[in-house]
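Treat the numbers as computed from the prediction; the structure is a model and nothing was measured. Sequence lines set the chain letters: A, B, ... in the order given, protein chains first and strands last, and positions in each chain run from 1.
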Protein chains: 2
Amino acid sequence: MAETIIPKATAKRLPLYYRYLTFLANAGTTKVSSTELSEAVKVDSATIRRDFSYFGALGKRGYGYDVKDLITFFKKILNQDRLTNVALVGVGNLGHALLNYNFRQANNIRISAGFDLNPDIAGTIQSGVPIYPMADMVEQLKEQQIEIVILTVPTDAAQDITDGLVKAGIKGIMNFTPLRISVPSYVRVQNVDLATELQTLIYFLEHYGPTLKDAEADKAQ
Amino acid sequence: MAETIIPKATAKRLPLYYRYLTFLANAGTTKVSSTELSEAVKVDSATIRRDFSYFGALGKRGYGYDVKDLITFFKKILNQDRLTNVALVGVGNLGHALLNYNFRQANNIRISAGFDLNPDIAGTIQSGVPIYPMADMVEQLKEQQIEIVILTVPTDAAQDITDGLVKAGIKGIMNFTPLRISVPSYVRVQNVDLATELQTLIYFLEHYGPTLKDAEADKAQ
DNA sequence: ATTGAAAAGCGAAATATTGCACAATATTGC
DNA sequence: GCAATATTGTGCAATATTTCGCTTTTCAAT
């Protein structure tokens with residue numbers, strides 16, 4: 001909040017940079033240039049330099065960036081230095097998959113509670129995560145002070161459940177339903193719409209040629 | 001290809017519009033205004049009008065848009081008038097969830113083949129979809145003339161498998177691995193990076209206030 | 001030390017996208 | 001048929017983002 005405001009487009013790339021940097025560190029690499037980074041994450045090198053520059057001078061001219069320094073810096077910025085608990089609302093097919101998706105290892109994020117209507121699941125522990133009945137959702141979220149949820153419920157139920165989440169004091173929702181849910185201004189929604197994404201891919205295939213940038217990359221090979 | 005090129009940002013919203021329009025049609029609604037649409041899909045009404053206008057004058061001033069007309073039009077544009085077959089490469093947790101995700105109903109997209117290394121799965125039928133061993137991938141993709149795949153394999157294997165996909169003549173990849181895979185220019189990649197998405201949400205929560213737009217929407221309530 | 005090469009940082013231009021504001025036009029009710 | 005109302009389509013300004021191109025700095029090798 002205190003820092004100068006970072007463009008959204010930049011913010012979206014930060015986790016990507018962070019992941020690749022940790023990969024480099026694990027491989028024993030100590031320095032990296034914007035050009036190398038660019039090839040790995042497929043973002044123009046000038047964009048990377050600009051992105052980093054919003055945070056001040058992190059690199060050394062003529063040398064590059066120190067991997068460890070960058071990691072230390074981004075770890076803090078991205079809240080990776082402390083565990084973030086999130087809840088999973090709706091433990092169906094996709095929900096189950098997300099329980100097994102290792103957010104924790106790479107990102108210090110843990111799904112610490114799940115909620116589902118299904119009485120066969122509610123009350124059990126799935127992939128190490130306790131699943132509570134939907135009726136207890138608001139209460140449990142408040143008690144566990146969870147501020148972020150992953151919403152993987154049937155579309156029909158999405159808005160009602162969202163209203164409950166808002167009552168429970170949730171601040172952020174990762175919305176896997178195709179419904180664009182309504183929330184008050186202080187709640188942030190990140191939509192992940194799988195069918196739309198696939199449709200968009202198909203549309204691009206049919207209506208756009210190869211990108212110029214890629215065409216150049218091609219030539220270079 | 002023939003039409004004037006549509007901005008990417010617009011293209012990404014088309015499936016969203018299409019879905020809501022089919023919802024309206026099912027509910028028996030025959031006309032819709034950009035303002036109504038705007039509230040449902042949370043996109044500014046002027047943006048919606050501009051988006052539609054790229055395709056020519058689809059609405060009537062003082063009246064709005066005819067739902068059926070729009071659907072007919074977008075159905076064609078979005079290739080929803082014919083079934084699109086895609087393959088699923090990597091039938092793990094997430095892969096299984098996607099097999100059960102109903103792309104078909106809403107989008108006329110069918111997962112018609114799956115591939116996996118695991119001999120327990122290869123050769124079986126999962127959720128109605130035949131799963132082939134990885135070794136047969138290139139051959140099967142060619143034979144079935146599949147041009148689009150969903151990639152849900154372990155990160156380590158992603159680039160190697162991608163190279164195989166390219167050999168098989170694939171045109172589009174929906175990439176669920178966190179690796180930014182390298183492909184030739186004529187192959188389009190759509191990245192869906194769940195951990196990154198969640199990280200971004202957390203970053204926004206920590207570093208940005210409520211959006212102005214939302215704040216206004218709030219007032220209006 | 002000196003020089004050459006590498007690479008960050010950044011002003012500024014280019015490009016992309018959004019949203020305002022209003023004229024143009026259709027519909028509806030009288 | 002006319003007035004009142006609704007709502008599109010779009011010029012234009014505002015905003016956001018990317019990219020170029022150059023200056024500055026640093027490192028490494030001689």
- Task: Report yes if some heavy atom in the side chain of I161(A) is under 4.5 Å from a heavy atom in the side chain of M137(A); otherwise report no.
- Result: yes

- Query: Less than 4.5 Å apart, any side-chain heavy atom of L165(A) and any of F115(A)?
  - Reply: no

Run the salt bridge (Lys or Arg N to Asp or Glu O under 4.0 Å) test against [X] and tell me which residues pass, sequence neighbours left out.
X       : result
R180(A) : D193(A)
K171(A) : E147(A)
R13(B)  : D51(B)

OP1 or OP2 of [N] sitting under 4.0 Å from any side-chain N/O of [X]?
X      : N       : result
R49(B) : dT18(C) : no
S34(B) : dT7(D)  : no
T47(A) : dT19(D) : yes

For the pair made of [atom1] in [X] and [atom2] in [N], what is the distance, rounded to whole Å?
X       : N       : atom1 : atom2 : result
D51(A)  : dA8(C)  : CG    : P     : 13 Å
L58(B)  : dT8(D)  : CG    : P     : 11 Å
I48(B)  : dC20(C) : CD1   : C1'   : 16 Å
F55(A)  : dC10(C) : CZ    : P     : 14 Å
Y208(B) : dA16(D) : OH    : C1'   : 12 Å
K12(A)  : dT17(D) : NZ    : P     : 8 Å
I5(A)   : dA16(D) : CD1   : P     : 11 Å
L37(A)  : dA6(C)  : CG    : C1'   : 16 Å

- Message: Taking atom CZ as the centre, does F23(A) end up with more than 12 heavy-atom neighbours from other residues, nucleotides or ligands that are less than 6.0 angstrom away?
- Response: no

- Task: Could you walk me through whether S182(B) and K42(A) pass the side chain to side chain donor-acceptor pair (under 3.5 Å) test, one step at a time?
- Result: CA-CA 9 Å; S182(B) 296; K42(A) 321 280 189 222; 2.5 Å; yes

Considering only distance and modelled atom types, tabulate donor-acceptor pairs under 3.5 Å from the side chains of residues 67-78 of chain A, sequence neighbours left out.
| from | atom 1 | to | atom 2 | distance (Å) |
| --- | --- | --- | --- | --- |
| T72(A) | OG1 | K68(A) | O | 2.8 |

- Please determine, for the side chain of D44(A), which listed nucleotide (dT19(D), dT17(D), dG9(C)) has the closest atom? dT19(D)

- Which of dG9(D), dT17(D), dC20(C) is nearest the side chain of K8(A)? It is dT17(D)

- Query: Do you know which of T155(A), L179(A), T196(A) makes side-chain contact (heavy atoms from CB on, under 4.5 Å) with R19(B)?
  - Reply: T196(A)

- Query: What is the ring orientation for H207(A) with Y203(A), classed by angle as parallel under 30°, tilted 30 to 60°, or perpendicular over 60°?
  - Reply: parallel

For nucleotides 12-15 of chain C, list the nitrogen or oxygen atoms of the protein found under 3.5 Å from its nitrogen or oxygen atoms, one pair per line.
| from | atom 1 | to | atom 2 | distance (Å) |
| --- | --- | --- | --- | --- |
| dA12(C) | N6 | R50(A) | NH2 | 3.0 |

- Message: What's Y65(B) touching, base or sugar-phosphate or nothing? Going by heavy atoms closer than 4.0 Å.
- Response: sugar-phosphate

- Note on the structure: Heavy-atom contacts, protein to nucleotides 23-30 of chain C, under 4.0 Å, summarised as B (base), S (sugar-phosphate only) or - (none) per nt, yield BBBBS---

- Note on the structure: Under a 3.5 Å limit on both distances, the Watson-Crick or wobble mate of dA4(D) is dT27(C)

